[in-house]
Asks: 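Could you have a look at this structure, given as structure tokens, before my questions?
It should be emphasised that the depicted structure is a prediction, and the values quoted were computed from it without experimental measurement. Read the numbers this way: they start at 1 and go in the same order the structure lists the ligands and their atoms.
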Amino acid sequence: MTQTLTQIYDARVASGDLRPDPAQRSALPLLEALRQQLQAPQRKSGLRGLFAKAPPPPKGLYLWGGVGRGKSMLMDLFVAATDIPEKRRVHFHAFMQDIHAGMHAARARNVQDALAPVADAIIAETRLLAFDEMQITDITDAMIVGRLFQRLFDAGVVVVTTSNRPPKDLYLNGLNRVLFVPFIDLIAERMTVHELATDTDYRQHRLSGAQVYFHPADAVARAAVQAIWDDLTGGDPGLPLTLTLKGRKITLPHAHNGIARASFWDLCSQPLGPADYLAIARAVKVLILEDIPRLSMGNYNEAKRFVTLIDTLYEAKTRLIITAADRPEQIYTEGTGAFEFDRTVSRLQEMQSADWAAE
Ligand SMILES: Nc1ncnc2c1ncn2[C@@H]1O[C@H](COP(=O)(O)OP(=O)(O)OP(=O)(O)O)[C@@H](O)[C@H]1O
Ligand SMILES: [Mg+2]
């Protein structure tokens with residue numbers, strides 16, 4: 001007899017892996033019902049199948065709530081336990097980028113409706129689509145998602161998604177928002193909207209009191225950072241996350257569940273600016289930034305970008321975990337702008353405190 005999601009959850013609580021949370025536990029039956037429907041034997045084609053009306057596909061689930069509440073954890077639990085081959089779990093950002101790339105290719109072939117072949121390719125191999133971290137910030141995504149989801153729903157694809165906002169607040173104050181409103185109605189019609197209303201930010205909880213600044217950036221520091229990564233991702237190695245911004249591409253080499261890992265050189269040696277760093281801050285909640293060197297006078301550009309990066313992460317309240325050659329005040333002591341670097345030092349210190357970024 002296979003275990004229900006509630007039984008799996010309870011077992012993880014019993015093993016000490018999770019802390020018992022009533023709000024999380026009460027969301028599980030919604031996912032369990034969906035799992036049962038997806039795992040039920042599919043209608044055979046044939047005469048009977050031809051005349052009987054297919055049952056409507058089950059409603060999807062839109063799970064929303066504050067950061068670190070356990071939405072992604074519940075979604076992963078559900079996806080892992082749902083025993084069907086046609087399932088796919090994707091990060092919303094990465095998924096939309098694939099969609100754009102596919103549409104670009106279709107346009108190059110002079111396809112009239114460029115979204116149709118892209119959606120159909122997904123439909124052909126997917127019955128369960130799990131989107132993590134749905135957020136709509138730019139107009140191109142806003143204009144596509146409505147038609148895309150309509151097509152997926154019509155084909156019977158079950159969509160499960162996590163978000164920090166209720167549907168009515170998606171793309172709030174966005175350009176041409178009226179054109180987006182039908183999508184919000186579509187979500188209400190085809191998905192069960194459920195708030196994960198727990199007070200605990202478990203990510204904060206796991207990081208609070210933990211050391212988050214390691215120097216020197218040696219094997220010990222690397223191992224410590226790896227342990228934090230494993231704790232927050234459940235050991236998933238992550239995938240590269242590419243953000244596209246006005247044609248520029250910024251790649252975070254490893255990302256999973258709101259956490260990304262990149263080196264100082266990945267982010268501060270290329271000509272990136274405030275908009276790029278803001279895109280990173282929006283895409284991740286925890287950034288592990290590795291191998292910050294001691295910067296000399298000749299590293300003026302790198303130092304300047306690093307200041308901008310830290311300012312942006314600070315404003316966005318992104319949690320930051322660092323390995324560096326030295327303490328913050330020793331990173332950049334002599335070049336142009338070393339005086340202004342003091343603010344960065346102060347922020348780096350503040351960002352290490354146990355309750356920094358707590359709501
Ligand atoms: N009940 C729990 N006990 C202990 N740790 C938990 C619990 N629930 C979640 N966590 C852990 O807390 C971290 C944050 O959880 P998760 O990533 O699922 O949050 P989220 O709601 O998806 O947050 P966000 O909105 O920022 O994406 C993860 O490392 C997760 O494993
Ligand atoms: Mg999440």
Asks: Decide whether an N or O pair under 3.5 Å exists between D17 and ligand 1.
Replies: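 No, D17 has no N/O under 3.5 Å of an N/O on ligand 1.
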Asks: Distance alone, cut at 3.5 Å: any donor-acceptor contact between the side chains of Q226 and R261?
Replies: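 Q226 vs R261: donor-acceptor pair found between side chains.
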Asks: May I ask you to list the atoms of ligand 1 that are less than 4.0 angstrom from any heavy atom of N164?
Replies: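 Here the atoms of ligand 1 in question are 25 (O).
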Asks: Hey, which atoms in ligand 1 end up nearer than 4.0 Å to a heavy atom of R206?
Replies: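 Selected atoms, number and element: 4 (C), 5 (N), 11 (C), 12 (O), 29 (O).
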Asks: Assess the side chains of H91 and N257: does a donor N or O sit below 3.5 Å from an acceptor N or O?
Replies: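 No - no donor-acceptor pair under 3.5 Å links their side chains.
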Asks: Tell me which protein heavy atom sits closest to atom 17 (O) of ligand 1, plus the residue, atom name and distance to 0.1 Å.
Replies: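 Looking only at protein heavy atoms, the one closest to atom 17 (O) of ligand 1 is R203 NH2, 3.3 Å.
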Asks: Verify the distance criterion only: is there a donor paired with an acceptor across the side chains of T140 and D138 at less than 3.5 Å?
Replies: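 Judged by distance alone, the side chains do pair up.
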Asks: Between the main-chain N or O of S163 and the side-chain N or O of Q135, is there a donor-acceptor pair closer than 3.5 Å?
Replies: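 Pair absent, no side-chain N/O of Q135 close to backbone of S163.
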Asks: So which protein heavy atom does atom 27 (O) of ligand 1 come closest to, and at what separation?
Replies: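 Its nearest protein heavy-atom neighbour is K285 NZ, 3.3 Å.
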Asks: Measure across G70 and L196 and return the closest heavy-atom pair with its distance rounded to 0.1 Å.
Replies: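 The answer is C-CD2, 3.9 Å.
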Asks: Which atoms of ligand 1 are found less than 4.0 Å from any heavy atom of R19?
Replies: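 By the 4.0 Å cutoff, the relevant atoms are 1 (N), 2 (C), 3 (N), 4 (C).
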Asks: Would you call R35 and D83 a salt bridge, using N to O less than 4.0 angstrom?
Replies: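 Not counted as a salt bridge, because no side-chain N and carboxylate O are separated by less than 4.0 Å.
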Asks: Given K71, M75, H256, Q24, which one has a non-hydrogen atom that is nearest to atom 21 (O) of ligand 1?
Replies: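 Minimum heavy-atom distance to atom 21 (O) of ligand 1 goes to K71.
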Asks: Could you name all protein N, O or S atoms found under 2.8 Å from the Mg ion (ligand 2)?
Replies: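 Listed by chain and number: S72 OG.
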Asks: Mind checking whether T162 has a heavy atom under 4.0 Å from ligand 1?
Replies: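 T162: no contact with ligand 1 (<4.0 Å).
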Asks: Going by the angle between their ring planes, with limits at 30° and 60°, are F131 and F149 parallel, tilted or perpendicular?
Replies: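 The arrangement is parallel - the two ring planes meet at less than 30°.
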Asks: Measure the distance from atom 7 (C) of ligand 1 to every protein heavy atom, then report the residue, atom name and distance (to 0.1 Å) of the closest one.
Replies: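 That would be Y202 CG, 3.5 Å.
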Asks: So, using ring pair (Phe, Tyr, Trp, His ring centres under 6.0 Å) as the criterion, who are the partners of Y202 when residues are at least two apart?
Replies: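 Ring pair (Phe, Tyr, Trp, His ring centres under 6.0 Å) list for Y202, sorted by chain: empty.
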Asks: For G68 and ligand 1, answer yes if some heavy atom of the residue is under 4.0 Å from a ligand atom, otherwise no.
Replies: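 It does, in that a heavy atom of G68 comes within the 4.0 Å cut-off of ligand 1.
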Asks: Using heavy-atom distances, let me know which of G16, P20, S163, G70 sits nearest atom 16 (P) of ligand 1.
Replies: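 Among G16, P20, S163, G70, the closest heavy atom to atom 16 (P) of ligand 1 comes from G70.
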Asks: Got the closest protein heavy atom to atom 29 (O) of ligand 1, with its distance?
Replies: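 Answer for atom 29 (O) of ligand 1: L232 O, 3.3 Å.
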Asks: Got a second to check how far T126's OG1 is from L152's CG, nearest 0.5 Å?
Replies: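 Separation between the atoms: 8.0 Å.
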Asks: Against heavy atoms of M73, which atoms of ligand 1 measure under 4.0 Å?
Replies: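 Checking each atom against M73, I get 8 (N), 9 (C), 18 (O).
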Asks: Quick one: which of V160, L30, L63 gives a side chain to side chain contact (heavy atoms under 4.5 Å, CB included) with F78?
Replies: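 Going through the options one by one, the only one that passes is V160.
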Asks: Are the side chain of E86 and the backbone of E125 linked by a donor-acceptor contact shorter than 3.5 Å?
Replies: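 Side chain of E86 to backbone of E125: no pair is present.
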Asks: Among L61, L5, L28, V79, find the one that has a side chain to side chain contact (heavy atoms under 4.5 Å, CB included) with L74.
Replies: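 It is L28, the one option of L61, L5, L28, V79 that forms the side chain to side chain contact (heavy atoms under 4.5 Å, CB included) with L74.
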